[in-house]
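Quick note: residue numbers are just sequence positions, from 1. Note that ligands are numbered from 1 as they come in the structure, with each ligand's atoms numbered from 1 the same way.
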Amino acid sequence: MDRYQSFARSGLGRFVVGRLGLPDPYPLRRHSPGKPPLDGPVLIGGGGRLADPVGAAVKSLGLDVVSGPAEGERYGALVFDASGIDSVERLRELYEFFQPVIRSLGPCGRVVVFGTPPERAESQIAQRALEGFTRSVGKELKRGGTAQLVHVEPGGEGAIGSTVRFLLSGRSAYVSGQVIRIGAAEVEAPSDADRPLTGKVALVTGAARGIGAAIAEVLGRDGATVVCLDVPAQGDELSAVANRVGGTALQLDITASDAPARIVEHLTQRHGGVDVVVHNAGITRDRTLGRMDAGRWDAVVAVNLASQERVNDALLAADALRPNGRIVGVSSIAGIAGNVGQTNYATTKAGVIGMVDSLSRRLAGRATVNAVAPGFIETRMTAAVPLFIREAGRRMNSLSQGGLPVDVAEAIAWFAHPASAGVNGNVVRVCGQSLLGA
Ligand SMILES: NC(=O)c1ccc[n+]([C@@H]2O[C@H](COP(=O)([O-])OP(=O)(O)OC[C@H]3O[C@@H](n4cnc5c(N)ncnc54)[C@H](O)[C@@H]3O)[C@@H](O)[C@H]2O)c1
């Protein structure tokens, strides 16, 4: 808990926060092995082609499902299949389901609306309208609640399980106001549901600290053998992470001309290939454009974008990415919204989105390519931001707090899940529904 959050939870703090209408950062419920995914039953409504698969996916998580509101009940989640809404008039069904029960959603509760990608739907207007509804609900929810819209393409009904598992649990604690797309795919169910990445090899760049270290830990927790990569100067911290997750350390500057070849060699010779590639290494060299020397521009482009393209090309040329592979980029809300002092950084982070768009199409059916776009995450990178800007960044989101590295890592573990074969071409913000770029 940050200091403001501790204050807001104290007796006096509650009073002051309530009276002045200040941000109230509720402590988020995060995933913890052995704990139920949510507090309380899941109320499911609506009826279309997704009702049965959604119900089955929710039940498979061990959650209680109820289909009608009960007096005094506190729900863990409210889930609505809106795929049957084929006219503007029928949008009223959303109102009729949610309005009476929205205030019965418990702390850190979940709202998930399922629909059809508008351009594939009978009523493009009605399906597009779901987005405004869901995003507004996300902004209205208090006490750590989140809301998302999931577009399921026709044929993708059987591919929703891993996404339901992510959204209806503390794994998605800092994800809100997102529109996720699931396509038609053959889904591989993991043999061990608690360690779905057993037998998989994952490469994580920039793994010595911060978000990268958390990604290595979460992928390791989920059963993957993790190859942790970072610059030689971070060697000690890198070894510590690799030992903690039972993986290997690869000391390498990803901008070096021989880096792609060395990565391919390490992965193929030591591990027989790779299943999950996470391009996390990134740097900032902030200056407004007029004051930015070419060195700052070049360094950021080299680390954050050019090296990733070269590594992808080398892995694909060597056929080192195994079937049902995963490539995950780490973008940023700065790449979506732009940011003062970050023309170089935002260029690269928007470029990561371009990588997702192009590669996800090129590799469709063989591998998925997605990205996370973190907002304000509590790391050394953000601790270095001046106090006033830092405090604004931390609070300007629907959850009124910064996220933790583990929140980004959990989203990546969802992309990496073997049953996420239909989750392709997504850029999912892990930003607590930040106002920036929304
Ligand atoms: N912290 C945030 O709020 C935030 C927000 C949005 C996006 N991101 C992105 O998340 C990623 C991780 O950020 P972080 O906050 O953990 O940063 P960090 O600075 O704590 O960690 C980055 C890691 O990348 C490594 N690295 C840098 N250059 C490298 C190179 N040439 N070769 C190999 N490794 C290299 C560093 O040594 C470091 O260990 C970055 O891509 C960053 O842009 C962070």
A.B. asks: Among Gly375, Ser332, Ala233, which one has a heavy atom closest to atom 4 (C) of ligand 1?
C.D. replies: Gly375
A.B. asks: Is there a nitrogen or oxygen of Asp253 sitting under 3.5 Å from a nitrogen or oxygen of ligand 1?
C.D. replies: yes
A.B. asks: Would you say Ser331 contacts ligand 1, with heavy atoms under 4.0 Å as the rule?
C.D. replies: yes
A.B. asks: Any atoms of ligand 1 less than 4.0 Å from a non-hydrogen atom of Tyr345? List them with their elements.
C.D. replies: 6 (C), 7 (C), 8 (N), 9 (C), 42 (C), 43 (O)
A.B. asks: By number and element, which atoms of ligand 1 are closer than 4.0 Å to a non-hydrogen atom of Gly210?
C.D. replies: 16 (O)
A.B. asks: Between the side chain of Asn370 and the main-chain N/O of Asn426, is any donor-acceptor distance below 3.5 Å?
C.D. replies: yes
A.B. asks: Considering the heavy atoms of Gly206, write down every atom of ligand 1 situated less than 4.0 Å from one of them.
C.D. replies: 23 (C), 24 (O), 25 (C)
A.B. asks: Answer yes or no: does an N/O atom from Arg380 fall short of 3.5 Å to an N/O atom of ligand 1?
C.D. replies: no
A.B. asks: Within the side chain of Asp39, is there an N or O that forms a donor-acceptor pair under 3.5 Å with the backbone of Gly106?
C.D. replies: no
A.B. asks: Would you mind finding which of Asn280, Val330, Leu250, Ile211 brings a heavy atom closest to atom 41 (O) of ligand 1?
C.D. replies: Asn280
A.B. asks: Hey, are the side chains of Arg171 and Arg165 touching, using non-hydrogen atoms and a 4.5 Å cut-off?
C.D. replies: yes
A.B. asks: Please check if the side chain of Thr205 supplies one atom and the backbone of His279 the other of a donor-acceptor pair under 3.5 Å.
C.D. replies: no
A.B. asks: Counting from 1, what ligand 1 atoms have a heavy atom of Gly282 closer than 4.0 Å?
C.D. replies: 22 (C), 24 (O), 40 (C), 41 (O)
A.B. asks: Got an N/O contact under 3.5 Å between Leu229 and ligand 1?
C.D. replies: no
A.B. asks: Classify the contact between Ala207 and ligand 1 as side chain, backbone, both or neither, using a heavy-atom distance cut-off of under 4.0 Å.
C.D. replies: neither
A.B. asks: Between Asn280 and Gly212, what is the shortest heavy-atom contact and its length?
C.D. replies: ND2-CA, 3.2 Å
A.B. asks: Got an N/O contact under 3.5 Å between Asp230 and ligand 1?
C.D. replies: yes
A.B. asks: Minimum heavy-atom separation for Ile215 and Ile412, please, with both atom names.
C.D. replies: CD1-CD1, 3.5 Å
A.B. asks: Would you mind listing which atoms of ligand 1 come within a distance below 4.0 Å of any non-hydrogen atom of Val303?
C.D. replies: 28 (N), 31 (N)
A.B. asks: If you measure every N/O of Ile283 against every N/O of ligand 1, is any gap under 3.5 Å?
C.D. replies: no
A.B. asks: Is any N or O atom of Gln234, backbone or side chain, closer than 3.5 Å to an N or O atom of ligand 1?
C.D. replies: no
A.B. asks: Quick check on Lys349 - does any of its heavy atoms sit under 4.0 Å from an atom of ligand 1?
C.D. replies: yes
A.B. asks: For Arg74, does the CZ atom sit with more than 12 other heavy atoms under 6.0 Å from it, leaving out its own atoms?
C.D. replies: yes
A.B. asks: With backbone taken as N, CA, C and O and side chain as the heavy atoms from C-beta onward, which portion of Glu237 lies under 4.0 Å from ligand 1: side chain, backbone, both, or neither?
C.D. replies: neither
A.B. asks: Check the orientation of Phe133 and Phe98. Use parallel for under 30°, tilted for 30 to 60°, and perpendicular for over 60°.
C.D. replies: tilted
A.B. asks: Does Arg390 reach the main-chain N or O of Val385 with its side chain, forming a donor-acceptor pair under 3.5 Å?
C.D. replies: yes
A.B. asks: Could you check whether any side-chain N or O of Gln148 sits under 3.5 Å from a backbone N or O of Gln178, counting only pairs where one atom can act as donor and the other as acceptor?
C.D. replies: yes
A.B. asks: Give yes if a backbone or side-chain nitrogen or oxygen of Thr382 is under 3.5 Å from a nitrogen or oxygen of ligand 1, and no if not.
C.D. replies: no
A.B. asks: Does any N/O atom on Pro374 come nearer than 3.5 Å to any N/O atom on ligand 1?
C.D. replies: no
A.B. asks: Between Ser331 and Lys349 (side chain of the first, backbone of the second, donor and acceptor by atom type, cut-off under 3.5 Å), is there such a pair?
C.D. replies: yes
A.B. asks: Please confirm whether Thr255 comes within less than 3.5 Å of ligand 1 when only nitrogen or oxygen atoms on both sides are compared.
C.D. replies: no
A.B. asks: Heavy-atom distance to atom 1 (N) of ligand 1: which of Thr348, Ile333, Thr379 wins?
C.D. replies: Thr379
A.B. asks: Does Tyr26 use its side chain to pair, donor to acceptor, with the backbone of Gly145 at less than 3.5 Å?
C.D. replies: no
A.B. asks: Is it the case that atom CD in Glu186 sees more than 12 heavy atoms from other parts of the structure closer than 6.0 Å?
C.D. replies: no
A.B. asks: Considering Val352, Ile377, Leu238, Leu252, which one's heavy-atom position lies nearest to atom 33 (C) of ligand 1?
C.D. replies: Leu252
A.B. asks: Say whether Ile254, considering both its backbone and side-chain N or O atoms, lies within less than 3.5 Å of an N or O atom on ligand 1.
C.D. replies: yes
